[in-house]
Asker: 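Quick one: the structure is below, questions incoming.
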Amino acid sequence: MSVSSNNQSSDPRTPPASVDVVVVGAGFSGMYLLHRLRGMNLSAVVFEAGTDVGGTWYWNRYPGARVDVESLAYSYSFSEELEQEYEWEERYPTQPEILRYAQHVADRFDLRRDIYFRTRVTAAAYDEDEATWTVRTEHGDAVTARFFVMATGCLSASKLPEIPGLSRYRGATYHTAHWPHEGVDFTGMRVGIIGTGSSGVQSIPVIAEQAADLTVFQRTPAYSLPARNRKLRPDEIAEMKANYRAFRQAQRESGFGLPTPIPTKSALEVSEEERNAVYEQAWEAGSLVAILTAYTDLTTSQEANDTAKAFVHRKIHEIVKDPQTAQDLCPDYPLGTKRPCLDTNYYETYNRDNVHLVNLRRTPIVEITERGVRCSDREYEFDAIVYATGFDAMTGALTNVDIRGKDGLSIKEAWHAGPRTYLGIASAGFPNLFMITGPGSPSVLSNMIVSIEQHVDWVLDAIDHLGRNGLKAMEPTLEAQDAWVDHVNEIASYTLYPKANSWCMGANVPGKPRVFMPYAGGVGEYRKKCDEVAARGYEGFVLS
Ligand code: N01
């Protein structure tokens with residue numbers, strides 16, 4: 001498989017043998033952590049597998065890659081100078097624009113000198129007597145630290161599908177999360193793409209414009225809403241910059257880390273005409289959350305959700321000319337229970353003569369052959385296959401490292417029936433290990449940067465608390481953790497989220513326990529709970 005140009009030699013520097021904090025990952029979490037740690041006069045190293053900062057935005061370079069949260073909201077709030085001086089160009093910036101922002105932050109705060117690039121962490125073990133972690137890298141280095149922070153992101157362990165014959169294929173293959181840095185020219189090629197999540201939905205229209213022929217293999221249709229992307233106007237940038245503090249506060253108190261009007265009505269208490277007018281407005285708004293937050297009960301009532309689902313189905317049928325293709329593109333699960341997508345010309349792309357949709361519910365893939373993809377009814381031949389097949393989400397990046405806590409307990413074993421955390425930040429048996437946006441926190445149900453900043457601030461306050469009180473370690477009690485896991489599950493059970501076979505449920509990884517992993521109670525509520533825990537002397541943790 002062609003992957004990003006990342007297979008260069010290791011970082012020539014040797015990391016220090018001992019620091020206060022080891023951080024894994026130099027995405028938005030790791031960068032902010034490093035900046036704050038320096039401000040606290042704590043020594044730190046960051047290990048990063050890529051050749052530069054940026055995390056998600058370093059790896060996911062597939063054509064059409066963009067964020068689906070608006071740039072002025074999807075940005076750090078910790079530095080007012082940064083907020084004021086940075087100039088975003090587009091409403092929904094492209095991957096290169098976001099990567100440039102990450103690189104600007106790294107330059108501005110001189111972060112790279114403590115980041116060891118091209119360095120994958122392979123193992124970490126806790127020494128109970130010393131209350132230290134020893135973190136090992138693929139290059140054989142070992143660093144000892146009091147604190148160990150996994151800032152590895154929720155969607156970083158990419159996943160190829162479990163389809164027989166994957167290695168037999170003779171053409172070029174690509175995974176959207178490991179796109180070659182130099183780009184790919186599909187001109188004149190017959191291309192097959194497997195997967196129609198956000199990565200597929202964004203890349204399909206762009207690849208379709210280049211390839212001679214594009215065949216899309218769809219197992220589950222996505223709900224996709226038009227992004228209505230555009231250049232930002234100077235007046236809206238100026239307005240945001242003038243009001244940033246109030247906006248940031250509203251983000252922190254909101255449900256998804258995005259201030260949205262709070263709905264007051266049920267979708268079922270208004271007329272069909274009124275409802276459709278509201279949905280139409282939301283469709284035109286170019287927003288991921290506008291439809292879902294239009295009424296109080298769209299995420300909790302099947303009947304209410306059915307009204308929004310019917311609206312989107314109608315839109316798909318209006319846009320896509322071939323009725324069978326339109327029908328195949330209509331999702332049958334509730335809107336919002338798998339992460340919806342924001343697109344540019346996604347449904348319109350199926351009106352092109354060179355684009356074909358294969359509904360895998362009717363004709364499943366049987367195997368990958370030397371020439372292409374064999375479905376139950378026929379073989380398709382390709383010059384290139386693109387896997388837009390997603391990630392071992394939320395837990396993969398954590399369990400891929402051999403993390404051993406007290407008594408040699410491995411995190412993989414501790415989480416064999418699903419992730420178990422307290423607040424999505426820490427896990428019993430693993431003192432002084434912190435996760436940024438871990439399972440059990442709002443994470444992927446939120447504007448990630450808002451949740452990242454909240455976790456980093458909370459974790460560093462906790463570390464500061466230990467230092468000021470002459471304490472060495474903190475670890476959640478099993479009782480507090482069990483109660484939190486129950487609470488996360490209970491909140492999910494009030495919603496429609498568990499109804500879809502989503503990566504949030506672990507459903508895309510065969511054998512992965514079926515548990516709804518993020519905290520669905522909202523960013524604002526969650527923050528209050530975390531703050532209460534801290535205010536009560538880190539209630540639910542044993543400090544020693
Ligand atoms: O991955 P996905 P993604 N045979 O897991 C299919 C964020 N993100 O990279 O649904 C056939 O969503 C799979 O089918 P199914 C965002 O949070 C954000 O697209 O499992 N098909 C699905 O269609 C997003 O949700 C942005 O039935 C197989 C697809 O592959 C998350 O990342 C952009 C298969 C995988 O979709 C993940 O998105 C990109 C098989 N064996 C990503 N295995 C933005 O900000 C899997 N599939 C816009």
Side-chain angles (χ1 to χ4, degrees), residues 28 55-57 59-71 73-74 91-95 97-98 153-166 174-179 192-204 206 215-225 227 229 256 286-288 329 331-333 336-344 346 357-361 363-368 373-376 385-394 396 437 443-449 451 500-510 512 517-518:
F28 281 99
T56 285
W57 304 104
W59 294 104
N60 290 267
R61 296 170 188 248
Y62 59 83
R66 281 177 195 280
V67 69
D68 50 14
V69 176
E70 296 191 40
S71 55
Y74 188 82
R91 182 181 182 200
Y92 293 112
T94 58
Q95 171 271 330
E97 190 181 354
I98 308 166
C154 300
L155 295 156
S156 48
S158 65
K159 216 190 129 287
L160 282 168
E162 292 75 11
I163 302 175
L166 227 57
Y174 306 94
H175 191 290
T176 45
H178 295 277
W179 206 258
I193 181 165
I194 300 176
T196 52
S198 301
S199 306
V201 163
Q202 288 188 328
S203 53
I204 285 163
V206 184
T215 303
V216 178
F217 294 93
Q218 171 194 273
R219 189 164 67 182
T220 310
Y223 281 98
S224 195
L225 311 164
N229 185 43
F256 295 110
S287 153
L288 203 56
L329 287 165
D332 54 5
Y333 54 89
T337 51
K338 278 177 97 113
R339 198 168 187 284
C341 308
L342 271 195
D343 72 86
T344 302
Y346 178 63
L357 181 69
V358 176
N359 182 343
L360 298 178
R361 295 268 169 84
T363 54
I365 296 178
V366 176
E367 60 176 347
I368 305 291
V373 176
R374 188 191 308 283
C375 289
S376 57
I385 297 178
V386 175
Y387 293 103
T389 45
F391 303 87
D392 180 358
M394 305 207 64
T437 65
S443 56
V444 293
L445 296 183
S446 72
N447 174 350
M448 286 303 293
I449 301 198
S451 291
N501 287 321
S502 67
W503 51 256
C504 286
M505 292 289 295
N508 64 327
V509 180
K512 194 166 171 172
M517 293 182 280

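Along the sequence shown, residues carry numbers from 1. Ligands are counted one by one from 1 in listed order, and the atoms in each one are counted from 1 as well.
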Asker: For residues Y74 and Y92, establish whether the separation of their ring centroids is below 6.0 Å.
Answerer: no

Asker: Just so I know, are the side chains of F256 and V69 near enough to count as touching, which here means a heavy-atom distance under 4.5 Å?
Answerer: no

Asker: As a test of reading the model: which residues have a non-hydrogen atom less than 4.0 Å away from ligand 1?
Answerer: Y62, R66, V67, D68, L155, P161, I163, I194, G195, T196, G197, S198, S199, Q202, R219, T220, K338, R339, L360, A388, T389, G390, F391, W503

Asker: What's the verdict on side-chain contact (heavy atoms from CB on, under 4.5 Å) for N501 and Y333, showing C-alpha distance, side-chain angles and the deciding distance?
Answerer: CA-CA 9 Å; N501 287 321; Y333 54 89; over 6 Å; no

Asker: Take M517 and C154 through the test side-chain contact (heavy atoms from CB on, under 4.5 Å) and record every step on the way to the result.
Answerer: CA-CA 10 Å; M517 293 182 280; C154 300; over 6 Å; no

Asker: In the structure I gave you, are the side-chain heavy atoms of V386 and W179 within less than 4.5 Å of one another anywhere?
Answerer: yes

Asker: Taking T196 for its side chain and T220 for its backbone only, find out whether a donor-acceptor pair lies under 3.5 Å.
Answerer: yes

